[in-house]
Amino acid sequence: QKEVEQNSGPLSVPEGAIASLNCTYSDRGSQSFFWYRQYSGKSPELIMFIYSNGDKEDGRFTAQLNKASQYVSLLIRDSQPSDSATYLCAVDDYKLSFGAGTTVTVRA
Amino acid sequence: DAGVTQSPTHLIKTRGQHVTLRCSPISGHKSVSWYQQVLGQGPQFIFQYYEKEERGRGNFPDRFSARQFPNYSSELNVNALLLGDSALYLCASSTLSGGTDTQYFGPGTRLTVL
């Protein structure tokens with residue numbers, strides 16, 4: 001079983017819509033969770049992290065964490081063409097364990 | 001402030017050769033981690049160093065080695081290159097000062113093994 005799994009993509013959403021990305025993890029003891037954005041040919045860029053159950057909002061991005069169900073999600077509101085990228089979920093256990101990523105395409 | 005820097009940007013080697021990749025962390029960061037990312041996958045952890053000591057090692061063969069210098073910069077060495085070592089090699093730095101350890105990535109080194 002993979003440590004971190006993300007919903008398979010690609011995910012195509014119209015401009016202005018909400019993109020919803022999901023991630024599950026296997027280690028119940030995991031404490032910190034990260035979302036990175038990676039444009040094609042570039043390195044991962046940190047969007048936000050979350051470590052408490054519930055929601056955390058940063059601009060158009062909202063991360064949601066449910067430790068009992070072992071999932072973390074990312075919502076992108078008012079999606080823009082510039083949000084088209086691969087989104088990586090990562091779980092921190094002194095090292096980052098990444099999912100394979102979900103590719104999002106925002107249609108103008 | 002400058003972010004994480006890596007050199008070289010691109011590298012082409014042939015099978016059996018050796019390669020050295022370099023990384024300079026964000027100023028004030030004492031921890032450096034190395035990741036390998038092959039096309040279509042998420043980054044895979046190779047090493048983490050903190051204060052010049054190896055803090056963790058991923059599931060990679062002994063052909064992979066690393067070290068951290070007194071100025072906190074780091075080198076990743078790969079011996080006896082295989083075609084499967086072709087990947088984007090990412091360096092990330094963090095403070096490891098307690099609490100949530102946020103890692104920031106450099107631009108990466110694209111290694112192609114022919």
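Each chain gets a letter, A, B and so on, in the order the sequences are listed, and its residues count up from 1.
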**Asked** Hey, is CG on Asn71(B) packed in by over 12 heavy atoms from elsewhere, all under 6.0 Å?
**Response** yes
**Asked** Does Tyr104(B) use its side chain to pair, donor to acceptor, with the backbone of Glu45(A) at less than 3.5 Å?
**Response** no
**Prompt:** Given a strict heavy-atom distance threshold of 4.5 Å, which part of Gln38(A) is in contact with chain B: side chain, backbone, both, or neither?
**Reply:** side chain
**Fill in**
The interface call for Lys42(A) against chain B, heavy-atom contacts under 4.5 Å, is backbone
**Closest heavy-atom pair and its distance - Phe45(B), Lys95(A)** = CD2-CD, 3.3 Å
**Message:** Would a single hydrophobic cluster contain both Phe64(B) and Leu11(B), if residues Ile, Leu, Val, Met, Phe, Trp and Tyr are joined by side-chain heavy-atom contacts under 4.5 Å?
**Reply:** yes
**Leu88(B)-Ile46(B) co-clustered via ILVMFWY side chain contacts under 4.5 Å** = no
**Prompt:** chain B heavy atoms under 4.5 Å from Leu46(A): which part of the residue, side chain, backbone, both or neither?
**Reply:** side chain
**Request:** May I ask you to name which of Leu88(A), Thr103(A), Leu96(A) has the most heavy-atom pairs under 4.5 Å with chain B?
**Result:** Leu96(A)
**Asked** Hey, does the side chain of Ser43(A) reach the backbone of Gly106(B) with a donor-acceptor pair shorter than 3.5 angstrom?
**Response** yes
**Message:** Quick check: is Tyr71(A) connected to Ile76(A) through a chain of hydrophobic side chains (ILVMFWY, heavy atoms under 4.5 Å apart)?
**Reply:** no
**Message:** I want to know whether Tyr36(A) and Phe105(B) have ring centres closer than 6.0 Å.
**Reply:** yes
**Prompt:** Between Pro43(B), Pro107(B), Ser33(B), which shows the greatest number of heavy-atom pairs under 4.5 Å with chain A?
**Reply:** Pro43(B)
**Message:** If you count heavy atoms of other groups shown closer than 6.0 angstrom to CG of Leu83(B), is the number above 12?
**Reply:** yes
**Request:** Please report the shortest heavy-atom distance between Pro44(A) and Leu90(B), naming the atom on each side.
**Result:** CD-CD1, 3.8 Å
**Asked** Do Leu11(A) and Val4(A) sit in the same hydrophobic cluster, where Ile, Leu, Val, Met, Phe, Trp and Tyr count as joined when their side-chain heavy atoms come under 4.5 Å apart?
**Response** yes
**Item:** Phe61(A) with Leu75(A), same ILVMFWY side-chain cluster at under 4.5 Å
**Value:** no
**Item:** Side chain / backbone / both / neither for Gln103(B) at chain A, heavy atoms under 4.5 Å
**Value:** both
**Fill in**
If one checks every heavy atom of Phe47(B) against chain A at 4.5 Å, the contacting part turns out to be neither
**Prompt:** From Phe49(A) CZ over to Asp101(B) CG, what is the distance, rounded to the nearest 0.5 angstrom?
**Reply:** 10.5 Å
**Request:** Verify the neighbour count for atom CZ of Arg15(B): are there more than 12 heavy atoms of other residues, nucleotides or ligands below 6.0 Å?
**Result:** no
**Asked** What is the distance from atom CG of Asp92(A) to atom OG1 of Thr102(B), rounded to the nearest 0.5 Å?
**Response** 8.5 Å
